[in-house]
2 protein chains.
Amino acid sequence: MTAKRITIQDVAREANVSVTTISRFLNARYEAMSQETKKRIEQVIEELDYHPNALAQGLKGNRSRMIAVIVVKLSYPFCVSLIRSLSNALTPEGYNVIVCETEGDPKREAHVLKTLLGQQIDAIVIQTNGDNLTELETISKSVPVILVDRKFKLPHATNVLTDNYEASMKMTNHLYAEGYQNVFYVTETPNAISTRSERLQGYLDSSSRYHRTPHVEIVKRGDDVSMQSVVERIKENISKRPIALYTANALIFHEIYPHVQQIDWPSPEKLGLATFDEPDWIKLISPSLTCVRQPVPEMGAWVANLLLQQFKDGYEQPDEAHLKIIPSELIKSESTRLDRGDGTVSDTL
Amino acid sequence: MTAKRITIQDVAREANVSVTTISRFLNARYEAMSQETKKRIEQVIEELDYHPNALAQGLKGNRSRMIAVIVVKLSYPFCVSLIRSLSNALTPEGYNVIVCETEGDPKREAHVLKTLLGQQIDAIVIQTNGDNLTELETISKSVPVILVDRKFKLPHATNVLTDNYEASMKMTNHLYAEGYQNVFYVTETPNAISTRSERLQGYLDSSSRYHRTPHVEIVKRGDDVSMQSVVERIKENISKRPIALYTANALIFHEIYPHVQQIDWPSPEKLGLATFDEPDWIKLISPSLTCVRQPVPEMGAWVANLLLQQFKDGYEQPDEAHLKIIPSELIKSESTRLDRGDGTVSDTL
DNA sequence: CTGTTAGCGCATTCAA
DNA sequence: TTGAATGCGCTAACAG
């Protein structure tokens with residue numbers, strides 16, 4: 001039934017050389033081998049359709065050529081994009097990507113880490129809530145641990161993210177500068193996650209810089225009532241002056257948009273719409289949506305490069321934490337265009 | 001630097017038993033072991049924070065506890081959803097999911113399969129274009145190969161998909177029954193992929209059943225001109241009678257919607273809108289979108305179960321191909337509601 | 001109830 | 001330029 005797997009022994013026998021020579025061939029150490037032998041081996045391998053057993057190689061070399069990517073939720077575009085870029089950069093180099101989802105649950109995260117520990121994973125890239133930092137600290141002793149998206153101080157790990165504070169500040173600046181009198185910032189409950197709090201802070205600081213009263217609206221994803229009530233509050237204010245609605249991420253935007261739509265949209269003149277994140281359904285919004293494009297593919301590529309480098313040089317636990325910031329891009333679009341007709345821009349800063 | 005890994009030997013020594021006993025413990029064969037010993041081992045493992053080396057286990061048992069999921073593109077909701085459901089079902093059972101993206105490129109697919117061959121993958125779940133069937137056939141000799149989403153006859157593999165023909169037929173029926181005189185079917189170039197051709201055929205057969213002229217519009221994703229021209233053609237016809245636009249998948253819908261929107265929407269009275277697939281941005285469309293919901297999570301769960309079963313029983317290459325169809329669900333919604341005011345439904349069949 | 005031992009497939013000394 | 005021998009960490013006979 002099950003076809004017997006071809007091993008290095010079979011190849012050696014067939015090629016009339018020792019397994020050592022085959023091993024050398026596999027590891028591209030051709031310098032210690034006659035052209036003849038090399039060619040013969042090549043042939044035999046082809047004939048037998050031989051594929052070295054990665055498990056055995058790994059057992060020997062104490063590596064698995066596998067990299068774990070642990071994300072909160074696969075349905076978040078951020079996560080998918082990250083995985084894609086990592087996978088695209090690492091697969092050609094012979095590494096496989098294992099994906100794990102935590103749903104933001106510390107227990108699931110812990111469980112995943114535990115399993116992975118036995119898998120001889122070569123590296124961990126993780127979007128964490130920060131509930132298993134000591135565990136991660138331990139892991140980073142033996143393999144690279146890279147924290148993405150969220151800021152945490154792990155003494156010996158690399159942390160890759162965008163400057164959420166600055167990007168959010170720029171976005172808010174843009175909205176005020178464009179002429180919106182008030183910006184309603186819609187976010188989920190602020191918590192310890194840096195991403196969330198920094199975006200909020202960026203908004204707050206911009207507001208204070210422009211001497212405007214901040215309007216922070218807390219919503220709960222999946223709770224239509226909370227979304228609707230934000231819209232109600234906007235309605236109360238909108239009569240007087242143009243208002244902008246700025247959501248802390250695309251998921252919130254996605255949920256609140258249907259409500260906004262039924263009320264004062266499309267009309268950037270009265271209500272500007274903007275969001276953090278560049279959603280993949282952005283084309284569906286018309287007029288086109290102003291947003292913050294996070295450099296996720298770049299982040300993935302950067303991480304992949306770092307890892308490949310470390311694999312080549314041999315990993316050593318870094319002495320100190322390293323923080324890598326990749327800037328986001330503000331995409332100004334129609335959904336926040338306030339055409340005042342007089343050609344001026346009322347930057348009231 | 002790198003902390004020495006704890007091995008089964010260390011545990012054995014510390015617990016004053018042989019490695020065999022530890023091994024038994026690890027494999028939950030407690031029946032051959034005193035309570036005392038068991039407890040001691042438990043303790044030591046805890047103390048030493050020991051994690052069995054999965055590579056070594058795999059090398060021995062000729063399995064890796066890893067399952068490869070090969071999809072066309074991670075940015076397709078179908079793929080993400082499939083991976084999620086597989087991962088959710090398999091992770092708790094101690095299996096890891098390796099994801100691979102092919103972009104529909106036969107070469108990339110071949111390359112991925114080749115690498116995987118060495119990884120001692122325990123199973124392959126693949127959404128293929130059918131360019132490497134002989135390779136897959138070979139692989140299925142030793143591990144389960146499950147084809148998803150698309151129909152191919154691999155003599156010894158399981159094929160899981162939805163009935164695209166029937167679902168598309170039902171959708172089209174619905175549109176005609178609702179009173180739309182013409183249905184414009186928008187698809188990419190029909191090709192060998194069953195998914196695509198069957199959806200088209202379902203549309204065609206429904207049209208002929210309703211004695212309507214089919215209007216098949218071929219577009220190219222990423223080509224706005226092709227999208228726009230479909231809309232132009234619809235405009236030419238729309239004056240007389242209500243027309244429905246039905247896209248072969250959500251990606252096409254996503255691209256054509258902005259064009260439609262600028263012309264005759266929202267007005268299901270004149271132009272009905274429907275799509276195969278239930279996109280995750282569906283809430284953004286208003287009035288709510290009529291669509292075909294594919295049972296992707298169910299497919300994933302079914303596949304996961306099958307695999308777990310086969311792992312338990314020991315895999316044997318099946319004698320014949322097995323086709324598993326999981327029905328889709330037609331979601332009738334506002335975007336194709338033709339209110340004729342007289343309370344009747346003009347089912348002109 | 002417990003231990004000894006022989007590989008799993010490969011990479012790597014050390015010799016030749 | 002090549003090979004024999006050892007062991008990576010674990011499991012599974014086979015003994016006791």
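We use all heavy atoms of the structure for the numbers below, so side chains are in, but hydrogens, waters and symmetry mates are not. This one's a predicted model, so the numbers in the text were calculated from it and none came from an experiment. A note on names: the letters A, B, ... follow the listed sequences, proteins ahead of strands, and every chain is numbered from 1.
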>> Quick check on DNA chain C: between B/G61 and B/A32, whose nearest nucleotide comes earlier from the 5' end?
In response: B/A32
>> Looking at C/dG3, I'd like to know if its phosphate oxygens (OP1 or OP2) sit under 4.0 Å from a side-chain N or O belonging to B/S18.
In response: yes
> Would you find a donor on one side and an acceptor on the other, under 3.5 Å apart, between the side chain of A/R108 and the backbone of A/E101?
Replying inline: yes
> Does the C/dT4 base have a donor-acceptor partner in the side chain of B/T20 within less than 3.5 Å?
Replying inline: yes
> With nearest nucleotides of DNA chain D determined for A/T21 and B/R29 from heavy-atom distances, which residue corresponds to the more 5′ nucleotide?
Replying inline: A/T21
> Given atom CD of A/Q9 and atom P of D/dA4, what is their separation to the nearest angstrom?
Replying inline: 11 Å
> Do you see a donor-acceptor pair shorter than 3.5 Å between the side chains of B/S34 and B/T37?
Replying inline: yes
> Given A/V148, which of A/T128, A/L161, A/V125, A/T158 fulfils the side chain to side chain contact (heavy atoms under 4.5 Å, CB included) condition?
Replying inline: A/V125
> Counting side-chain heavy atoms from C-beta on, which of D/dC10, D/dT2, D/dC14 comes nearest to B/N53?
Replying inline: D/dC10
> When you check the side-chain N and O atoms of B/Q309 and B/D313, is any donor under 3.5 Å from an acceptor?
Replying inline: yes
> In whole angstrom, what separates A/I41's CD1 from D/dG3's C1'?
Replying inline: 12 Å
> Can you list the steps and then say if B/R24 with B/E31 is a salt bridge (charged side-chain N to carboxylate O under 4.0 Å, His left out)?
Replying inline: CA-CA 9 Å; B/R24 289 208 182 91; B/E31 69 279 4; over 6 Å; no
>> Just the rounded figure in Å: distance from P of D/dC10 to CZ of B/R5.
In response: 11 Å
> When the distance from CG of B/L55 to C1' of C/dC10 is rounded to whole Å, what number comes out?
Replying inline: 12 Å
> Is A/Y30 touching bases, backbone alone, or none of the nucleic acid, heavy atoms closer than 4.0 Å?
Replying inline: nothing
> What is the distance, rounded to the nearest whole Å, between atom CG of B/N62 and atom P of C/dG7?
Replying inline: 16 Å
> Phosphate oxygens OP1/OP2 of D/dT1: is one of them under 4.0 Å from a side-chain N or O of A/T37?
Replying inline: no
>> Without decimals, in angstroms, what is the distance between A/F25 CZ and C/dC10 P?
In response: 14 Å
> So which one's nearest nucleotide on DNA chain C is more toward 5', B/M33 or B/V19?
Replying inline: B/M33
> A/L59 has an atom CG; how far is it from atom P of C/dG9, in whole Å?
Replying inline: 12 Å
> How long is the line joining CG of A/N27 and P of C/dC10, in whole Å?
Replying inline: 11 Å
> So what does A/S34 hit on the nucleic acid, given a heavy-atom distance under 4.0 Å: a base, only sugar-phosphate, or nothing?
Replying inline: sugar-phosphate
> Below 4.0 angstrom from OP1 or OP2 of C/dA11, is there any side-chain N or O of A/Q57?
Replying inline: yes
